[in-house]
Amino acid sequence: MLARPVLEVAPRLLGAVLRHGDVAVRLTEVEAYDGAGDAGSHAFRGRTPRNEVMFGPPGHLYVYFTYGMHYCCNVVCGPDGAASAVLLRAGEVVGGIDQARARRPRSRDRDLARGPARLCQALAIDLADNGADLSGGPLTLTLGEPVDPVSTGPRVGLRGAPDNPWRFWETGAPSVSAYRPAKPR
DNA sequence: CCTACGATCGTCT
DNA sequence: GACGATCGTAGGT
């Protein structure tokens, strides 16, 4: 399934569960990054040490560090070498909630994984998990039943990329991240 | 609810 | 040397 085209995979990841140790998050919001031809993608300017996992086989986790303090994670998908990936933007904690609360002590439950960096915090994902195989082991992604209805809209925080509706979320889910417009400069 | 701003450092030009 | 697939807080409506 993850080897299908990214625009097909992304909405199917809604409802999937990502588990890391005891904490499990059910995904409610994702964004598609469509390979080296996508101006919004880290892969747009070619392969670099940071993004090399994106260019590998599907089913692995691409983790990056940003703003000097946050991690975000993606599921690599599409055929091997396509460099496409799905950013995991938000979800709801469905397992290990005590541990997730301990990692984000000031969050209300619905906010524990509401946002890509918060999701990584709740799941304790960092660069040590870059490239991890999601088919088993400590980090596991389990697909669920298709979610319906699904809403779509523009991706968050991008500048200089076409305004494609490549953000997908479960309609009405309370854990969907708050929209933040791209910061003007 | 909303908008504004600072934190903080790896990555790429 | 500029910028970033963000977040938490502060303050206004």
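Per chain, numbering begins at 1; letters A, B, ... match sequence-line order.
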Q. With centres under 5.5 Å and planes under 30°, do A/Phe65 and B/dG10 count as stacked?
A. no

Q. What residues, two or more places apart in sequence or in another chain, satisfy ring pair (Phe, Tyr, Trp, His ring centres under 6.0 Å) together with A/Tyr64?
A. A/His42, A/Tyr62

Q | Per A/Thr48 side chain, nearest of listed nucleotides C/dT6, C/dG8, B/dC12 | A | B/dC12

Q: Would you mind telling me which residue lines up with the more 5' stretch of DNA chain B, A/Gly68 or A/Pro49, judged by nearest nucleotide?
A: A/Gly68

Q.
Only pairs with both distances under 3.5 Å count, Watson-Crick or wobble alike; so what is the partner of C/dA10 in this structure?
A. B/dT3

Q. Rounded to whole angstroms, how far apart are OH on A/Tyr71 and P on C/dT6?
A. 16 Å

Q: Once you apply the 3.5 Å cut-off to both distances, tell me the Watson-Crick or G-U wobble partner of C/dA5, or none.
A: none

Q. Which nucleotide sits closest to the side chain of A/Tyr62: C/dA5, B/dT13, B/dA7?
A. C/dA5

(Q) Could you tell me how far apart A/Leu112 (CG) and C/dC7 (P) are, to the nearest whole angstrom? (A) 13 Å

**Q.** Whole-Å distance separating the CE atom of A/Met54 from the P atom of C/dA5
**A.** 11 Å

Q. If only atom types and distance count, is the side chain of A/Arg12 paired as donor or acceptor with the main-chain N or O of A/Gly144 below 3.5 Å?
A. yes

Q: Give a yes or no on whether the backbone of A/Val176 and the side-chain of A/Arg114 come within a donor-acceptor separation of less than 3.5 Å.
A: yes

Q | Any A/Arg159 side-chain nitrogen or oxygen under 4.0 Å from OP1 or OP2 of C/dG4 | A | yes

Q: Name the nucleic acid region contacted by A/Arg50, choosing base, sugar-phosphate or nothing; use a 4.0 angstrom heavy-atom cut-off, strictly under.
A: sugar-phosphate

Q: For residues 79-106 of chain A, pull every pair meeting ring-ring contact (aromatic ring centres under 6.0 Å, His included), keeping only residues two or more places apart or in separate chains.
A: none

Q | Phosphate contact (C/dT9 OP1 or OP2) by A/Arg106 side-chain N/O below 4.0 Å | A | yes

Q.
Nearest whole Å is fine: how far is C/dA5 P from A/Arg114 CZ?
A. 21 Å

Q | Under-4.0 Å side-chain N/O to phosphate OP1/OP2 contact, A/Arg167 with C/dA5 | A | no

Q: Round to a whole Å and report the spacing from CD1 of A/Ile125 to P of C/dT6.
A: 16 Å

Q) Taking for each residue the nucleotide of DNA chain B with the nearest heavy atom, is it A/Leu127 or A/Met69 whose nucleotide lies nearer the 5' end? A) A/Met69

Q: Would you tell me if any nitrogen or oxygen in the side chain of A/Ser41 comes within less than 4.0 Å of OP1 or OP2 on C/dA5?
A: no

**Q.** Length of the line joining A/Asn51:CG and B/dC12:C1', which is rounded to integer Å
**A.** 11 Å

Q. With respect to the side chain of A/Thr66, which nucleotide from C/dG4, B/dC12, B/dT8 is positioned closest?
A. C/dG4

Q: Please answer whether the main-chain N or O of A/Val147 pairs with a side-chain N or O of A/Glu170 as donor and acceptor at a distance below 3.5 Å.
A: no

**Q.** Sidechain-backbone polar pair: A/Arg155 side chain, A/Arg167 backbone, donor-acceptor under 3.5 Å
**A.** no

Q: Evaluate whether the aromatic ring of A/Tyr67 and the six-membered ring of the C/dG4 base sit under 5.5 Å apart, centre to centre, with an inclination under 30°.
A: yes

Q: Would you indicate which nucleotide in B/dA7, C/dT6, C/dA5 comes nearest to any side-chain atom of A/Ala117?
A: C/dT6

**Q.** Any A/Arg104 side-chain nitrogen or oxygen under 4.0 Å from OP1 or OP2 of C/dG8
**A.** yes

Q) Between atom CD in A/Glu52 and atom P in B/dT11, what is the gap in whole Å? A) 12 Å

Q: Could you tell me the separation between the NE2 atom of A/His70 and the C1' atom of B/dA7, rounded to a whole number of Å?
A: 8 Å

